[in-house]
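Right, one structure below, let's go through it.
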Amino acid sequence: PNCPIIPTVTPRRLNDCTFLGNYPFHPHVSLWDSDEPVSRAELLKGVAGAHGLLCLLSDKIDTEVLDAAGPNLKVISTLSVGFDHMAMDEIKKRGVRVGYTPDVLTDATAELTVALLLATARRLPEGVVEVINGGWSTWKPLWLCGYGLSGSTVGVIGLGRIGMAIARRLKPFGVKKLLYSGRTDKSYAAEVEGEYVPLDTLVSESDFVVVSCALTPDTQGLCNKQFFCKMKNTAVFINTSRGAVVNQEDLYRALSSGQIACAGLDVTTPEPLPTDHPLLTLKNCVVLPHIGSATYSTRGIMAELSANNLLAGLQGTDMPSELKF
Ligand SMILES: O=C(O)C(=O)CO
């Protein structure tokens, strides 16, 4: 299943079925069988009395949902590696276990980050539009020039699983220096000759700043006016983590004033970004619709893993990927 399934004791208005598989039990399942998100009202109604909940990162799992589920709820399995959409303190207080999908989306997300970085720095979307619009008059020496990775300094904010996979992929482009910052120095950074530096140093010395950290109270709004003011005028900013790490008003000002060269975002606040958002008026801002992990195989593996996490949680056995918090 690649959509939320809510095992329940009694039939609900979602599509009811029975989960058949090689398991010693066959839970009743209420399945939201659509790529569109389940409505809040339907979720609140459908989750009542459920023992388990499989959700997406677009489903806000807060006190209201937990209260609606009630005391039966034993496990929440999210089809994501990020868990900032869930009220973790409240979930912990209620003793509910949480499954998530780390590792399996690392390669796809790192790949997309590299694609977005190159597309932004080398102005691919602008170039495509010029070809379609007839703006391509002839070969001109400085037309659509951008920035290259060769000989550059790349700064990765958050050298975790995905940050490291991004660094591994960028190094062969001829990156001269790989800086990183975050909560701790990482021994595995040696593989990419990563240098642990304070955030200010990373921001001011990098030609490419790549955000790959989790959204936490510490990182919320981290990329703000002061942050962008420290960046080089020729620097490229890339964010594939969570939109709320960035203050978008400050980013807009940095991009429109020439404080920084360009930005590529796969994540925004809100999602979707309204089509009249000022960022979408800028040629030097490339915005993607949160597709970091969107390959067919990755999404299939995420779906399988999250279903197995859910079933293990229902049975009270070890989950393939349980979030320890
Ligand atoms: O899994 C996540 O947290 C994503 O952002 C999408 O894969």
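We count ligands from 1, going down the list as the structure has it; atoms in each ligand are counted the same way. Numbering starts at 1 and runs along the sequence shown.
The shortest N or O to N or O distance between Leu57 and ligand 1 is not below 3.5 Å. For ligand 1, the polar-atom distance check against Ser241 finds no nitrogen or oxygen pair separated by under 3.5 Å. Taking only nitrogen or oxygen atoms, main chain and side chain alike, Thr101 does not reach within less than 3.5 Å of ligand 1.
Ranking protein heavy atoms by distance to atom 1 (O) of ligand 1, first place goes to Val81 N, 2.8 Å. Remark: minimum distance from atom 7 (O) of ligand 1 to any protein heavy atom is reached at Ser293 OG, 2.6 Å.
Within the listing of ligand 1, atoms 1 (O), 7 (O) sit less than 4.0 angstrom from a heavy atom of Leu105. Ligand-side atoms of ligand 1 in range of His290: 4 (C), 5 (O), 6 (C), range being under 4.0 angstrom from any heavy atom. For ligand 1, the atoms closer than 4.0 angstrom to any heavy atom of Ser80 are 1 (O), 2 (C), 3 (O). Listed by atom number, the atoms of ligand 1 under 4.0 Å from Arg242 heavy atoms are 2 (C), 3 (O), 4 (C), 5 (O).
When all heavy atoms are compared, the tightest approach of Tyr180 to Ala189 is CE2-CB, 3.5 Å. Closest approach of Thr295 to Thr298, counting heavy atoms only: OG1-OG1, 2.7 Å. Closest heavy-atom contact between Gln259 and Asn233: O-ND2, 2.9 Å.
Of the listed residues (Val38, Val65, Asp67), just one forms a side-chain contact (heavy atoms from CB on, under 4.5 Å) with Leu44, and that residue is Val65.
The six-membered or imidazole ring of Phe228 lies near that of Phe237, with a centre-to-centre distance under 6.0 Å.
One finds the CG atom of Leu159 at 7.0 Å from the CG atom of Leu178 (value rounded to the nearest 0.5 Å).
Atom OH of Tyr188 is surrounded by more than 12 heavy atoms from other residues, nucleotides or ligands within 6.0 Å.
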